Structure formats: structure tokens, C-alpha cells
S.K.: 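Sharing a structure here in C-alpha cells format.
Positions are given from 1, in the same order as the sequence printed here. Values reported hereafter were calculated over all heavy atoms of this structure, with side chains retained and with hydrogens, waters and symmetry mates removed. What you are looking at is a predicted structure, and each value in this text was computed from that prediction instead of being measured.
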Amino acid sequence: MSNSSTNEVTYASSVFSKDLSILRQLVSKDFKIKYRRSVLGVAWSVLNPLLMMIVMSIVFSYMFRHNIENYPLYLILGNITFSLMSEATRQSLRSITGAASLLKKVKVDRVIFPIQKVLSALVNFVFSLVAVVLVMLWFRVMPTWHIVWVPLGVLLLVIFCCGLGMILGAAVVFFRDVMHLWGVVLTAWNYLTPIFWDFQMLVDNHAPEWVIMLVRLNPMYNFVQLMRDAVLWQTNPSPAVFGLCVFWALLMLALGLFVFKKTEHKFILYI
């Protein structure tokens, strides 16, 4: 290998190490700020999904459970999975505009900022898994080897969120209204995803085929279904569900990188 090639590799490695270090520091900063001056601290990451599960179980258990066994576990798995995407994308909205002062002072790969927000949401998600374990213990649901699908499903969801976060972070730089619009989108997306209701209800009630197809193609339906298959129903996700999880993760990452790289050179003019 020539000296020039060696120098290029060394420089690239140095830049990557620098960006990785900044990413770690930013995620750590987000975590500390979130629980600063909080008496219970990270315990809220466990209490929030538990309290939400209890309230929703009381409200919906007789309306939408559709003979679902261990309905509270069904609820909490759907909630924390959707919340990971919701929190990651909400934080990503301001990932670029909120880092304006840093971007103007430090030369750093801008893509780390939306990724940072997704990783911060992931840290919160990991703590919320403690709530899932507590619910499993309460209902005496013992995990099987199928639980190995959980890390893979979470990885695919994180990749999906990174791509979506890049698109949203870039869009907000040019169109601030996206911050308000995204809240409406998340609300509609939440109801379109079978979190507190069962997908089988659509089939049993003879819903139009286009509605059934829309739900099946919904990315979050597939990520939630994968989590429930592995933890609640203790089975392998169907090839269709797993295939769509991979498809949506890779497609959104590709779209996110394309949009972000196409627009990042203009960020400094608008932030």
C-alpha cells in the first residue's frame, strides 16, 4: 500500500473516531439532561410504560382485547415498540436546528445528530424492557429461545428510525411547520397500528381489503408484530413480517441518507 493510501486510511480512521467520540458524548449528555433534578430518575423509564399499560388495560380490556391472552403484555409490547419510534423521531425533528451553535463551530459529520437522537431514545427503550420483564413475571410468562428475535427486531427498528430521523431533521431546517405536522402524523400512525386493538378484528368485521392491506404494510405493525411473536406468542415471526421489517429498515435508511446528503450543504444557510 502506498504512503498516500496509508495516510488516507489513517485520516479516515481519525475522523471516524472523532465523530464516534462526539456521538457518545452527545448521547450521554441527552441522558443526563433528561433525568436531571428528577427524584426517581431512570425509574420513570420503567414506570411510564407500566402506568400506561395499567390505564389502557382498564379502559380497553373489555372493548378491544378480542380474546387476546395476557392482554396487558400485548399492550406494553406494542406501546414500548411504538414509543421508541415516536420518541426517536420527535427528538430528531430538532436534531439539526438544535445543534446550530455546534455546527457553526466544529467540523463534524452532521449525520451524527439525528443518529444521536435515535440512540438516546434507544437507551430509554432498554430501560423500559425492565417493565416488560416485570409484566412477564406477574403473568408467569417464561421466555423461550424465540426471544433472540428481539435484539434483531430492535436493530431493524433503530435503522428505520435513523433513516426517518435524517429525513425529518433535514426537512425541519427548511420547513419549520414539519414539527407541528409530525405530531398529527404520529397520532394517526398510532391508531393505524394494532397497539390496543387486534388486527384480526379487521378481518372478522369484514373491513375493506385496502384497509387490511394498509395495516399489513404499515412499518410499525410489522415491528410490533415481530416483538409480540418473539415475546408473547413465543414463535418465529412469519417470513412476511420479518421481510417487511428488513425492507422498511433498509428503504428508510437509503432514503434518509439520500435526502440528508443532498441537503446538508445548505443547512448552515437556514439554521
Side-chain angles (χ1 to χ4, degrees), residues 19 23 26-27 30 34 77-100 103 109-126 128 150-195 214-227 237 241-267 270-271:
D19 290 345
L23 181 60
L26 290 173
V27 172
D30 272 358
K34 181 170 183 176
L77 286 169
N79 269 324
I80 67 167
T81 305
F82 192 89
S83 293
L84 171 56
M85 183 279 295
S86 177
E87 183 181 354
T89 54
R90 283 185 187 276
Q91 291 190 41
S92 296
L93 288 168
R94 298 179 182 271
S95 59
I96 302 301
T97 55
L103 286 171
D109 192 342
R110 300 172 183 87
V111 79
I112 72 171
F113 294 102
I115 292 176
Q116 166 222 339
K117 298 302 183 183
V118 176
L119 294 182
S120 295
L122 176 62
V123 171
N124 190 56
F125 172 84
V126 170
S128 70
V150 171
L152 182 56
V154 173
L155 174 62
L156 291 172
L157 181 53
V158 166
I159 293 172
F160 174 82
C161 292
C162 284
L164 187 53
M166 291 176 204
I167 295 173
L168 292 171
V172 167
V173 173
F174 306 103
F175 308 103
R176 296 299 199 270
D177 288 343
V178 172
M179 289 189 289
H180 306 289
L181 178 61
W182 188 245
V184 177
V185 171
L186 282 177
T187 300
W189 202 348
N190 182 72
Y191 286 114
L192 184 65
T193 306
I195 293 175
L214 181 63
V215 174
R216 284 190 183 278
L217 294 177
N218 171 6
M220 289 311 300
Y221 163 74
N222 291 283
F223 288 116
V224 167
Q225 187 66 26
L226 188 150
M227 293 289 287
V241 165
F242 180 69
L244 281 170
C245 287
V246 174
F247 170 78
W248 283 118
L250 297 181
L251 176 64
M252 197 57 68
L253 180 62
L255 286 175
L257 285 171
F258 175 78
V259 170
F260 199 89
K261 293 301 180 181
K262 271 285 187 179
T263 57
E264 65 174 340
H265 65 284
K266 297 180 182 178
F267 288 171
Y270 292 86
I271 60 176

S.K.: Look only at the side chain of T187 and the backbone of G183, and say whether a donor-acceptor pair between them is shorter than 3.5 Å.
M.R.: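 Present.
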S.K.: How many angstroms lie between atom CZ of F175 and atom CG of L181, to the nearest 0.5 angstrom?
M.R.: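 One finds 12.0 Å between CZ of F175 and CG of L181.
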S.K.: Say whether, by atom type as modelled, one donor and one acceptor occur between the side chain of R176 and the main chain of V173 under 3.5 angstrom.
M.R.: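 It does hold such a pair.
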S.K.: Taking the side chain as every heavy atom from C-beta outward, state whether V118 and P114 have any pair of such atoms under 4.5 Å apart.
M.R.: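 A side-chain contact is absent here, since even the closest heavy-atom pair is not under 4.5 Å.
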S.K.: Would you check if the side chain of S86 reaches a backbone N or O of F82 as a donor-acceptor pair within less than 3.5 Å?
M.R.: no
S.K.: Determine whether R90 and L168 make a side-chain contact, defined as any pair of heavy atoms from C-beta on separated by less than 4.5 Å.
M.R.: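 Sidechains of L168 and R90: no contact.
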S.K.: State the CE-CG distance between M220 and L84, to the nearest 0.5 angstrom.
M.R.: 7.0 Å
S.K.: Report the relative orientation of the aromatic rings in F267 and F174; use parallel for angles under 30°, tilted for 30 to 60°, perpendicular for over 60°.
M.R.: tilted
S.K.: Would a 4.5 Å heavy-atom cut-off, applied to side chains only, mark V154 and L122 as touching?
M.R.: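 SC-SC contact between V154 and L122 confirmed.
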S.K.: Can you confirm whether V259 sits close enough to M166 that some side-chain heavy atom of one is under 4.5 Å from a side-chain heavy atom of the other?
M.R.: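 They are not in contact (no side-chain heavy atoms under 4.5 Å apart), so the answer is no.
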S.K.: Is the side chain of W248 donor-acceptor paired with the backbone N or O of L156 at a distance under 3.5 Å, no angle test?
M.R.: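 Absent.
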S.K.: Y221 versus P194: any side-chain heavy-atom pair under 4.5 Å?
M.R.: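 Side-chain contact under 4.5 Å: yes.
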S.K.: Kindly assign one of parallel, tilted or perpendicular to the pair F223 and F160, based on the angle between their ring planes and the thresholds 30° and 60°.
M.R.: tilted
